[in-house]
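Every heavy atom of this structure was used, including side-chain atoms; hydrogens, water molecules and symmetry mates were not. Naming: A, B, ... by sequence-line order, numbering from 1 per chain.
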Protein chains: 2
Amino acid sequence: MDDLAATNGTSAANDGTGTDGGAAGPAEARGSRAQPKTDKSEQTRALILETAMRLFQERGYEKTTMRAIATEAGVSVGNAYYYFSAKEFLIQGFYDRMTYDHAADARARMAHTRDFAERLEIALTSWLDTAAPYHEFAAQFFRTAADPNSSLSPFSNESHPARATAVELFREVLQGSELAPKLDAELVELLPDVLWLHLMVVVLYWVFDRTEDTERTREFVRRSTPMAARVINLSRYRVFRPIVRDAKGLIQDFILPTIGKTAVK
Amino acid sequence: MDDLAATNGTSAANDGTGTDGGAAGPAEARGSRAQPKTDKSEQTRALILETAMRLFQERGYEKTTMRAIATEAGVSVGNAYYYFSAKEFLIQGFYDRMTYDHAADARARMAHTRDFAERLEIALTSWLDTAAPYHEFAAQFFRTAADPNSSLSPFSNESHPARATAVELFREVLQGSELAPKLDAELVELLPDVLWLHLMVVVLYWVFDRTEDTERTREFVRRSTPMAARVINLSRYRVFRPIVRDAKGLIQDFILPTIGKTAVK
DNA sequence: ACCCTCACTTGAACGCGTTCAAGTCATGAC
DNA sequence: GTCATGACTTGAACGCGTTCAAGTGAGGGT
């Protein structure tokens with residue numbers, strides 16, 4: 001439950017290698033230094049992250065102060081900043097880990113069926129289950145993620161490994177279904193990203209959902225997935241060629257580039 | 001250009017009358033006191049807002065400090081907080097005004113045509129034009145708006161007059177078009193909110209758009225509006241009954257309630 | 001004339017995220 | 001051994017958003 005160091009396998013790629021995402025502004029520091037040089041270094045980093053995550057869950061994001069994290073972890077404030085150049089970078093570890101857990105859980109739960117709608121519903125519901133413990137604090141998190149200048153944003157910041165993991169999951173949702181072979185290959189190529197966007201919509205809905213156990217979001221998933229499946233299924237018929245072509249063009253030209261993929265041409 | 005006091009007509013309704021939007025949390029103070037009692041009061045309030053807007057445009061949101069606003073306006077920091085209980089409430093005036101300007105501009109520009117796709121495109125493009133001067137600082141603004149706990153969020157906070165204004169504009173986009181009479185009355189009732197959501201998507205896209213003059217977003221609007229028109233037009237045909245029914249159900253049950261409307265039944 | 005009320009105003013002070021000059025300490029070169 | 005290097009660590013200090021106890025002063029009741 002609290003071996004957050006395990007996240008490192010996923011989050012190791014978030015360091016300051018890439019050029020900045022455009023004319024963003026003043027050169028922002030990345031999450032941490034380039035490479036850990038010591039074992040102790042990595043331990044300290046993990047300790048701080050672990051402590052932060054625990055406090056975030058206990059008190060919420062804003063109410064957890066950097067001083068409290070440092071004190072609780074037994075280090076100085078400056079030290080916390082040595083490893084995480086800002087408070088929001090502490091979230092990244094959390095985010096990476098949740099993405100990984102979600103993918104694993106969803107894979108296990110959808111293995112038994114090849115029905116596309118069901119697989120999609122499982123994948124989304126699995127996300128809601130994985131994220132449930134963090135619902136309250138996720139609101140604050142989301143606020144940060146919505147900032148285009150933040151490296152936490154799932155949209156900008158091309159080299160976000162967590163998004164790649166999530167998109168890959170949706171590729172499997174589709175590929176493992178009975179629907180995939182029936183579809184136009186180009187569409188199969190595009191759909192995983194669209195399904196990831198579907199998840200983003202669900203996440204948006206979830207963040208604003210104040211019902212018990214986010215029941216409304218769950219119902220939204222149950223209702224919207226069969227519909228999505230039906231729309232995708234309909235795309236096979238000749239009558240819809242023009243509109244499907246439009247949709248594909250829209251995705252290729254406007255959505256994929258924004259989330260850091262070059263058009264498939 | 002700077003008669004921000006004119007905003008009052010729109011923003012006067014944002015005061016603490018309504019009950020809080022649910023089990024939100026600790027009783028948050030609203031933007032300001034209930035009713036201005038003095039002329040001088042209203043003048044001071046307007047002066048502070050005006051100054052803040054000017055500085056936001058000059059320096060950006062985060063770089064404009066409350067101390068700077070107060071100093072520049074010739075009042076004390078505490079006084080600024082007397083009128084605006086937090087920095088983010090200063091944005092509300094800005095937001096209300098932009099919504100109002102946009103609606104006026106869009107109405108004027110779409111008056112000459114009854115073609116639905118064209119009217120929709122004009123409405124959206126008009127928003128981009130109205131918002132253009134604030135593109136940089138809007139990113140910071142958006143970050144705040146994405147917080148479900150913030151009264152600035154366009155989604156939660158039912159009594160947001162700006163959203164009502166915007167939805168009303170889209171009602172006119174539809175009603176003034178040749179398409180409206182041909183559509184199912186129930187659908188005509190639902191569409192304005194959906195079109196407003198379309199605008200929200202465009203806004204999201206715009207916030208992340210780093211191209212010159214947000215050209216990519218403009219192209220997105222040009223490409224997505226005819227498609228939206230086509231989809232809506234197709235909904236008239238019998239074949240799509242089931243899917244249209246699903247869509248209507250989804251909207252009525254999950255979207256309208258979230259943005260503070262009770263289902264049409 | 002007195003004073004009470006209350007809308008309005010003040011600025012010092014608080015707690016926060018963040019920075020930075022000044023350390024500490026293990027490692028390897030000589 | 002000793003000394004330089006540089007990764008790692010420290011905590012006081014800075015600037016910010018925000019709060020609050022303490023005013024100020026115009027209007028009205030007596």
>> Assess the residue pair B/Glu168 and B/Arg171 against the criterion (salt bridge (charged side-chain N to carboxylate O under 4.0 Å, His left out)); give the C-alpha distance rounded to whole Å, side-chain angles, the decisive distance to 0.1 Å, and a yes or no.
In response: CA-CA 5 Å; B/Glu168 171 56 26; B/Arg171 188 181 310 283; 3.6 Å; yes
Nearest whole angstrom, please: distance from the [atom2] of [N] to the [atom1] of [X].
| X | N | atom1 | atom2 | result |
| --- | --- | --- | --- | --- |
| A/Asn79 | C/dC20 | CG | P | 17 Å |
| A/Arg45 | D/dT9 | CZ | P | 13 Å |
| B/Phe84 | C/dT9 | CZ | C1' | 15 Å |
| A/Leu47 | D/dC8 | CG | P | 15 Å |
| A/Glu62 | D/dC16 | CD | P | 19 Å |
| B/Lys63 | D/dG15 | NZ | C1' | 14 Å |
| B/Met66 | C/dC14 | CE | P | 20 Å |
| B/Tyr81 | D/dT19 | OH | C1' | 9 Å |

> Base, sugar-phosphate, or nothing for B/Val77, non-hydrogen atoms under 4.0 angstrom?
Replying inline: base
> Base, sugar-phosphate alone, or nothing: which one does B/Thr64 contact when heavy atoms must sit under 4.0 Å apart?
Replying inline: sugar-phosphate
So which nucleotide from [options] ends up closest to the side chain of [X]?
| X | options | answer |
| --- | --- | --- |
| B/Arg67 | C/dG17, D/dC16, C/dT10 | D/dC16 |
| B/Tyr82 | D/dT9, D/dT18, C/dC8 | C/dC8 |
| A/Thr65 | C/dT18, C/dC8, C/dC16 | C/dC16 |
| B/Ser76 | D/dC16, C/dG17, C/dT10 | C/dT10 |
| A/Thr44 | C/dG17, D/dT9, C/dG11 | D/dT9 |

> So, A/Ser126 and A/Asp105: side-chain donor and acceptor under 3.5 Å apart, yes or no?
Replying inline: yes
>> Does either side chain, that of A/Tyr100 or that of A/Thr165, offer a donor lying less than 3.5 Å from an acceptor on the other one?
In response: no
> Angle class for the A/Phe220/A/Tyr205 ring planes (parallel below 30°, perpendicular above 60°, tilted otherwise)?
Replying inline: parallel
> Which residue lies toward the 5' end of DNA chain D, B/Gly78 or B/Lys87, if each is placed at its nearest nucleotide?
Replying inline: B/Lys87
> Any side-chain N or O of B/Ser41 under 4.0 Å from OP1/OP2 of C/dC8?
Replying inline: yes
> Does D/dC8 have OP1 or OP2 sitting under 4.0 Å from an N or O in the side chain of A/Tyr83?
Replying inline: no
>> Ring centres under 6.0 Å, that's the criterion: do A/Phe137 and A/Phe94 meet it?
In response: yes
